[in-house]
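We name chains A, B, ... by the order of the sequence lines, and we start the count at 1 in each one.
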Number of protein chains: 4
Amino acid sequence: MINRVILVGRLTRDPELRYTPNGVAVATFTLAVNRTFTNQQGEREADFINCVVWRRPAENVANFLKKGSLAGVDGRLQTRSYEGQDGKRVYVTEVVADSVQFLEPKSSSEQRGTTAGGGYYGDPFPFGPNQNPRSTNDPGFSRIDEDPFANDGQTIDISDDDLPF
Amino acid sequence: MINRVILVGRLTRDPELRYTPNGVAVATFTLAVNRTFTNQQGEREADFINCVVWRRPAENVANFLKKGSLAGVDGRLQTRSYEGQDGKRVYVTEVVADSVQFLEPKSSSEQRGTTAGGGYYGDPFPFGPNQNPRSTNDPGFSRIDEDPFANDGQTIDISDDDLPF
Amino acid sequence: MINRVILVGRLTRDPELRYTPNGVAVATFTLAVNRTFTNQQGEREADFINCVVWRRPAENVANFLKKGSLAGVDGRLQTRSYEGQDGKRVYVTEVVADSVQFLEPKSSSEQRGTTAGGGYYGDPFPFGPNQNPRSTNDPGFSRIDEDPFANDGQTIDISDDDLPF
Amino acid sequence: MINRVILVGRLTRDPELRYTPNGVAVATFTLAVNRTFTNQQGEREADFINCVVWRRPAENVANFLKKGSLAGVDGRLQTRSYEGQDGKRVYVTEVVADSVQFLEPKSSSEQRGTTAGGGYYGDPFPFGPNQNPRSTNDPGFSRIDEDPFANDGQTIDISDDDLPF
DNA sequence: TTTT
DNA sequence: TTTT
């Protein structure tokens, strides 16, 4: 059973950062990944892929990425379902990122600090992998019952049960 | 823009083979990929991932895989949307397979032909990669307007426009 | 900085299990991965890829895989160099596995326990991912100075410094 | 048999472009991929991974990438061996790229053409995948007998037999 | 509901 | 030095 996804694309909007009742950070964002081929009409389309990151990298994502940022994701595909507002089951497929890579050159302010001579850009900022294992004495919580990507500002509907480990 | 997915899992049911108006084969199937970790309740859950293959490998999939078969997929993530039966847009994320690998030992009948001594299993059957480039003079067709995974036997609702290349 | 490798192939010989001075298990093995295309002479060649696993999964590999076993690897590419016996630097590229998947049907003895009627094979045995983080107070040891793949039975030349984390 | 490698890193020097006797382009380059973890001494090491691209993307690589460029590679691991200068067999593991992604912002000269206001960087240049299948009537040539990465300017030692397809 |  |  192998489940591995690697993506490089651009954020379609600013990431959203939320917290579980237990205080664990989760960030969600959508990557637009342009296809390498064109369609019948000669247009280059894109795939829009929902991604989730937990814990420390979630906060890095929220702090360093924004709409339009180029980012790499190494993770796994996850499917889940939840009760939609009209009472029927909604099925969701998303990428749970083990690590997120910031591929944008440092912003001009930071860049100033790196190396003289405009043309050079330092190393992309490496977000560490998701490494702190889930504490095993977490209290149980009911499963997530809202789509984190159809979110409108609430901070209450993510459960600690959704932690990948 | 990198978009790569690799999966190993088992088919949740027999694959479905259909043809576009242009006669191009498409097979769809769902892979159950067991997670490597257990949830709060100590159960091992699975992700159920919809996959699509086009052309020659589609027919191989239909001929050699069935419910329960262990298979590997190397492909890319695709998102699309279609008009649901209630008139609202349905968003879909699925894997378009470049190649599908049959990881089941040969069946006992075939196995008979390989090597004596029950304990031995021949090579997994290698489906070739999707290699014939799409002919560029394909006539245009309207986009797919049904979810191929919510299919109930029709054979008419897949468009040549959905060919990955 | 993304570095991800996924392989499915067969072991060219039994895995070798060794221990660092600190008692950490390491297994090495070579996967033969058949190419999907044939060469000029119409022959199907293979790539022979050296793999390394650390800790618990190392012992699983040693216990459950043997020459000819079909296995999946999810890991990263690593390069290192060491002083060859003739005093010149030897450069090595190998895969450090995060997880190894046993893709062989259960052996006939175990199989007996699963389901009657030869044709059915249970779930492939899932080796867990490499999960116990390296203790940070490990004493220092000198770097590895022999190729673990050119090994002839010694058990002394692997250093704790080679632990991936 | 699955064989997939995805890398994002920086070129350690300018790529080398050569041609087979048959006129097919091959580019070779080495990617430095920083590890996400630090070693015993708290230093962040890197892996140095040799990559090969054939045909059209080879020329794109030679034209658009140079020492220090950030690039993504999607390909497969290949092993080969050749007769070293001292007569003994040298074993080589390298990545054969299906596609190479240029992840550097457009250079200031090109950038000028895109959008006003220095802060904006256009799309990374997408190298197409390796798509023209090898012509099957290529004359045969003897196998490569020099390491393309230990190259010192010759252009004669790459064989058409090394084409991935 | 999409990025460059 | 290679597996099926």
Side-chain angles (χ1 to χ4, degrees), chain A residues 7-16 28-35 44-51 65-71 103-105 147 149-152, chain B residues 1 3 79-81 88-91 93 101-106 110-111 113-115 117 119-126, chain C residues 7-16 28-35 44-51 65-71 103-105 147 149-152, chain D residues 1 3 79-81 88-91 93 101-106 110-111 114-115 119-126:
Chain A
L7 304 170
V8 172
R10 289 185 186 280
L11 294 238
T12 60
R13 44 185 158 53
D14 290 353
E16 276 183 50
T28 54
F29 57 94
T30 298
L31 272 191
V33 185
N34 295 136
R35 298 188 181 158
R44 183 171 309 265
E45 297 182 62
D47 295 292
F48 299 97
I49 300 168
N50 291 154
C51 300
L65 297 180
K66 56 176 200 296
K67 180 174 177 179
S69 298
L70 189 67
L103 295 170
E104 212 62 42
D147 182 4
F149 288 98
N151 169 265
D152 46 2
Chain B
M1 303 284 162
N3 183 340
T79 56
R80 18 173 219 103
S81 68
K88 40 191 286 245
R89 204 118 279 269
V90 182
Y91 292 90
T93 300
Q101 182 67 31
F102 179 24
L103 295 170
E104 212 62 42
K106 289 197 178 61
E110 295 171 277
Q111 189 186 317
T114 11
T115 290
Y120 169 82
Y121 297 101
D123 233 298
F125 184 90
Chain C
L7 303 171
V8 172
R10 289 186 185 278
L11 294 238
T12 61
R13 42 186 159 52
D14 291 353
E16 276 183 48
T28 54
F29 57 92
T30 299
L31 273 191
V33 185
N34 296 135
R35 297 187 182 159
R44 183 171 309 267
E45 297 182 64
D47 295 291
F48 298 97
I49 300 168
N50 292 154
C51 300
L65 297 179
K66 56 177 201 294
K67 180 174 178 179
S69 299
L70 189 67
L103 295 171
E104 212 62 43
D147 182 3
F149 288 98
N151 170 267
D152 45 3
Chain D
M1 302 285 162
N3 183 339
T79 56
R80 23 175 214 99
S81 68
K88 41 193 282 247
R89 204 118 279 268
V90 182
Y91 293 90
T93 300
Q101 181 68 30
F102 179 24
L103 295 170
E104 211 62 41
K106 290 198 175 61
E110 294 171 277
Q111 189 185 317
T114 12
T115 292
Y120 169 83
Y121 296 102
D123 234 299
F125 184 90

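In terms of the side-chain contact (heavy atoms from CB on, under 4.5 Å) criterion, residue partners of A:Thr12 (sequence neighbours excluded) are, by chain and number, A:Thr30, A:Ala32, A:Phe48. C:Lys66 meets the side-chain contact (heavy atoms from CB on, under 4.5 Å) test with C:Asp14, C:Ser69; sequence neighbours excluded.
Of the candidate nucleotides E:dT3, E:dT2, F:dT1, E:dT2 has the atom lying nearest to any side-chain atom of A:Arg13. Side chain of B:Met1, nearest nucleotide from F:dT3, E:dT3, F:dT1: E:dT3. Here the nucleotide nearest the side chain of B:Arg89, chosen from E:dT1, E:dT3, F:dT1, is E:dT1. Closest contact between the side chain of C:Arg10 and the listed nucleotides E:dT1, E:dT3, F:dT3 involves F:dT3. Nearest nucleotide to the side chain of D:Tyr91, out of E:dT1, F:dT3, F:dT1: F:dT1.
Straight-line distance from the NZ atom of D:Lys88 to the P atom of F:dT1: 12 Å, rounded to whole Å. Distance CG (C:Leu70) to P (F:dT2): 20 Å, rounded to an integer number of Å. Taking atom CG on C:Asp14 and atom C1' on F:dT1, their separation rounds to 14 Å, with Å as the unit. Atom pair A:Arg44:CZ and E:dT2:C1' shows a separation of 17 Å (rounding to whole Å applied). Taking atom CG on A:Asp47 and atom P on E:dT3, their separation rounds to 14 Å, with Å as the unit. One atom, CG of C:Leu11, and another, P of F:dT1, lie 20 Å apart when rounded to the nearest Å. Atom C1' of nucleotide E:dT1 and atom CD of A:Glu45 are separated by 16 Å, given to the nearest angstrom. We find that CG of C:Leu7 is positioned 14 Å from C1' of F:dT3, with the value rounded to whole Å.
The closest side-chain heavy-atom distance from C:Thr28 to C:Asn50 is not below 4.5 Å. The shortest distance between side-chain heavy atoms of C:Asp47 and C:Leu7 does not fall below 4.5 Å.
Within the 3.5 Å criterion, the main-chain N or O of D:Met1 finds a donor-acceptor partner in the side chain of B:Gln101.
At the heavy-atom level, C:Gly68 lies under 4.0 Å from the strands shown only through sugar-phosphate atoms.
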